[in-house]
Amino acid sequence: MYRRIILVALVAILLVPMTAGVMAQDMFDPYAPYRGDTIVVSWPSLYHFNQAATLIPQFEEETGINVEVDFLQYQAMKPAQEVELQKPRTGEYDVVAWVVFTKSEYVINGYLEPLANFFVNPALADPSYNPDDLVQAWTETGGVVGGTNAYLPGPTQALYGLPFGAETSIMVYRADIFEEHGLAVPTTYDEMLETAAYITENVEGVYGMTSRGAAGHQIVHGWLLHLSPYGGTIFDENWEPAVESPEAIASLHALKTIMENSPPGVEANGFGDQANAFLQGDSAIYVDSHKIAAMTRDPNQSLVDGKVGYALHPKVGDAECGLSETGGFAMGIPSNSANKEAAFLFMQWMTSPRIDRQLALIGADPGRVSTLEDPELQEMFPEYAVVVEQLECANPNWRPLIPEWGALNAPILGVYVSEFATGNMTAEEAMAQAAEEIRAEMERAGYYGWSSMDM
Amino acid sequence: MSSSFKIRQIRIAYLFLLPAIIVFTLGLVVPLINTFELSFNRLSMGSRWSDRDYVGLDNYERMIEDDHVRSSVGVTLRFAAIVLVAELVIGMGLALLLEKPIKGAAVFRTIFILPLMVSPVAVGLIWRYLLDGRIGLINHYLGQIGIPAQTWLGDPNLAFFSIVITDIWQWTPFIFIILLAGLQALPAEVLEASRIDGANWWQMTFLIKVPMLRSILLVTVLMRLIDVFRALEVIFIMTFGGPGRSTQVMSLHIYKTAFTSQTLGYASTIAVVLMFIMLVLSLFLLLFSNPLKERADF
C-alpha cells in the first residue's frame, strides 16, 4: 500500500515539471523579457489622454511593464519633448505623443524610430493587432512621413506613429432650435450660411455659428476647415502658394460670414472659446473637431446635453462630400529611448482593438473603424455613425504638414487671415501678401532649388 | 596709508567682486555674444549649435525688407510712449496724493501695489476674461448702462487700447511706490523753507519736489522703458499679437520667429536690433540726466 502511494507520488513529482514545461511552451509571453522595466510616456494633459491613463494600471497588471506618464499642457509639451529628444545619448521619454503637424519636423531632426522595426519582429508584433482596422486617414495624417509631398501616403512612405486621440471635423447643431424653427439640417455651405444668418436674426440670444478667430494658428485652423471643402489648398503641386486661388478667396469669405454670425469676441476666440460658445447655448452651429461631442455630454461644461444633433461637414455646391480635417494626435518612439521594445508593446496595447473599445466606453476617442462601427457604442455615442461616414471624406492634405508649416502658419497666414477677418485688408490683398511671404520662406527652405536646375 | 596696504585692499575688493563677475559673464555676456554671433547665421530649432550656417548679412538684409519687423517696431514704440507717459502721470499723482499721512493711507498703499504682485500670466488671463466679448464682465456692466458689447480684443484699435490699459493697471504701482519712497525721503528742511517762503502747492510740487526727484524719476523711467520693450507674457495671452498685427510688439515677434517659425538666427537678428533700440533710448535718457554722474569719480 505504502509502496503504491510512494510510486504515485514519484510519478507525480516527475510529471508536474514536465506538464509545466509543456504549458510554459504553450503560454509564450511576449511581455516576459520586459517585466519590471519602466517606460516614461509624454502625453498632453487633455481629456482623451487623461482617460487613457486610467487604463495604465490594467496594462501594468497584464504585462508587468511599469509606466510613468509625464502630463504637460499640450502647447508646453513640445518644448519639453525637444529637450529630451535632442539628447545625444538616452533621453527621458520612451513614448511621445505629438500634434500631427509636428511629425515631419521630428522625423527630419532624426528624433523618431520607424515603427517597421517593431512590426517586423514576431516577438513583438501581435498578430491580432489588425492594422487595417486603424482609421486610415488618421494613421496617414499622424504617423506617415516621406510619401507624396513628404507628408502624404505614397510609395516612399514610412510609418513613425500610431494615431491616438485623433479627430476629424463634423457639423454639430442645436437640434432643439432647428426643430422649433422648422429648419432643415444644412448639407452645403450656402445652406449653412443662410441658416446661420436666419438664426442670428430670429432666435433671441443665440447666434447662428461659432468659430475660432484669434490671430495666429487659431484663425488659420478656422479658415483651413473651410478651405478644404471649397477645394482649395495652400500649395499647388509645384510648391507654389495657391492661397490666391478663387477657392481660397471664396473660403475666406465663408469664414467671414461665419464670424459675423458668431457671438461677440469671436476675433479673439481659440478652440476653447468657440466650443464654450456652443456648449453654453450661445451658438447654434459648430463645425470643427468631433471631440466636442464628448464635451456636450459633460454636465460640468455643457448646458446643451441632449439638445444636439450631428451631421456631416457641409459640402460646397454639388461636390460628393465636404472634405473634412484630419488632426489631433499620434504617438511614437524616440530614437534615443532606452526601452524601445517595451514602448512599442505599450503603444500596441493602447491601440489594440480590445483596448480601443475600452477607451470608447470611458469616453476617450477611439482610433479604429470597428469601434466606431460597433452598434452598441453607436447607440451610446450618436456622433460615431456620423464620424465613420465623415472619415470616408477626410482629407489628409487639408493642411501641409511640412517642417516649414510652423513658419507659415501663425507668423504669416495667422496675420493675414486675421487682417482680412477684422476688416483691415481685402481677401485679395491679404492673400497676395501672404503668398509673397510664403514663397520667400519656401525659397529659403530650398523648395525651388530642384525645379530651377536646367537639366 | 601705505601703498602695499592699498593694493591689498584693491585685491580684496576684486576678490569679493569675482563671484558677481562670473555670474554676470556666464548669465549675460556669453548669451549676448552668442545672440550677436547667431544673428549672422542660420540655425533652426532642434539643430545643434555646431550645425549653424554662416550667412553673412543675409538676416539683416531680410530684416530691412521685412514688413512685420517694421510694424512691430512701430507698435512697440507707440505702446512704450503711451504707457510710460500714462503710468508716470498716474503714478506721480497717486504718490503725491498718498504722501501725506491721511487716514487709511497704509490700506490704500497696499491696495495700490497689489497688481504688482500678480504674475504677468495671471494678469493676462484676468484681463482676457474681463474683456471677453461674449462673457466678459466689462461688457456685462457696459450692457447694464446701455452701452453695446464691444469686441475689446477683436478690434485692432480696441485690442491695442486693451493691452495699454492692462499694462497701466499692472505697472503704475511700480512707479507709484518708488516715487512715494522718493517723496518721503526728501529733506524736510527744504520743504519747510519753501513753505515759509510762501510757496503754494503747485510751486512746491513742480519747482521743488519734482526737480529733487529727477534722478529717481529717471531711473524709474529707464527701468520701465526696458521692461516695456520686453513685455511679452500679457500680450501673448491676451491677443497673441492680433488682430492682424495690431498688438504685435517686437518681443512677441522675436518669440514667434524663434519658436514658431523656428528660425533662431533670424530671431537673434531682430533681438540684436531690439537691444540696439533700447541702448540708444537708454543712452539718450542718461545723457539727458545721469544720476551716477556726481559719483563718476567713484
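Chain letters run A, B, ... following the sequence lines, proteins first and then strands; every chain starts at 1. Here the structure is a predicted model, which means the values were calculated and not measured.
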Checklist entry - Side chain, backbone, both or neither: which part of Q218(A) has a heavy atom under 4.5 Å from chain B? => result neither
Checklist entry - If you measure from the Lys or Arg side-chain nitrogens to the Asp or Glu carboxylate oxygens, is any gap between E441(A) and R62(B) under 4.0 Å? => result yes
Item to check | Matching residue for R134(B) among D282(A), N269(A), T210(A) - test: side chain to side chain donor-acceptor pair (under 3.5 Å) | outcome: D282(A)
Checklist entry - How many angstroms lie between atom CD of E82(A) and atom CZ of F259(B), to the nearest 0.5 angstrom? => result 9.5 Å
Item to check | Atom group of N409(A) that falls short of 4.5 Å from chain B, counting heavy atoms | outcome: neither
Item to check | Segment of E404(A) engaging chain B (4.5 angstrom heavy-atom cut-off) | outcome: neither
Checklist entry - By a 4.5 Å heavy-atom criterion (distance strictly below it), what part of P243(B) contacts chain A: side chain, backbone, both, or neither? => result both
Checklist entry - With a 4.5 angstrom heavy-atom cut-off, which part of H68(B) approaches chain A: side chain, backbone, both or neither? => result side chain
Item to check | Largest heavy-atom contact set with chain B, pairs under 4.5 Å, which of A430(A), P403(A), A407(A) | outcome: A407(A)
Checklist entry - chain B heavy atoms under 4.5 Å from Y207(A): which part of the residue, side chain, backbone, both or neither? => result neither
Next on the checklist: Using a 4.5 angstrom heavy-atom cutoff, name the option from N276(A), V266(A), I219(A), L85(A) with the most pairs to chain B.
Outcome noted: N276(A)
Checklist entry - What heavy-atom pair brings K78(A) and Q262(B) nearest, and what distance separates the two atoms? => result NZ-NE2, 2.9 Å
Item to check | Closest non-hydrogen atom pair between T260(B) and P411(A), with its separation | outcome: CG2-CD, 3.9 Å
Item to check | Portion of A277(A) that has a non-hydrogen atom of chain B nearer than 4.5 angstrom | outcome: both
Next on the checklist: Quick check on F161(B): does its CZ atom have over 12 non-hydrogen neighbours (other residues, nucleotides or ligands) under 6.0 Å away?
Outcome noted: no
Item to check | Residue I237(B) excluded, over 12 heavy atoms near CD1 under 6.0 Å | outcome: yes
Checklist entry - Is D273(A) close to R128(B) at the side-chain level, that is, under 4.5 Å between some pair of heavy atoms? => result yes
Next on the checklist: How close do A410(A) and F240(B) get, counting heavy atoms only, and between which atoms?
Outcome noted: CB-CE2, 4.3 Å
Checklist entry - Is any side-chain heavy atom of W152(B) closer than 4.5 Å to a side-chain heavy atom of E267(A)? => result no
Checklist entry - More than 12 foreign heavy atoms under 6.0 Å from CE of M275(B): is that the case here? => result yes
Next on the checklist: Looking at every heavy atom in both G154(B) and T422(A), which two are closest together, and how far apart are they?
Outcome noted: O-CG2, 3.3 Å
Next on the checklist: Please find the pair of heavy atoms, one from G242(B) and one from A215(A), that lie closest to each other, and give the distance.
Outcome noted: CA-CB, 3.3 Å
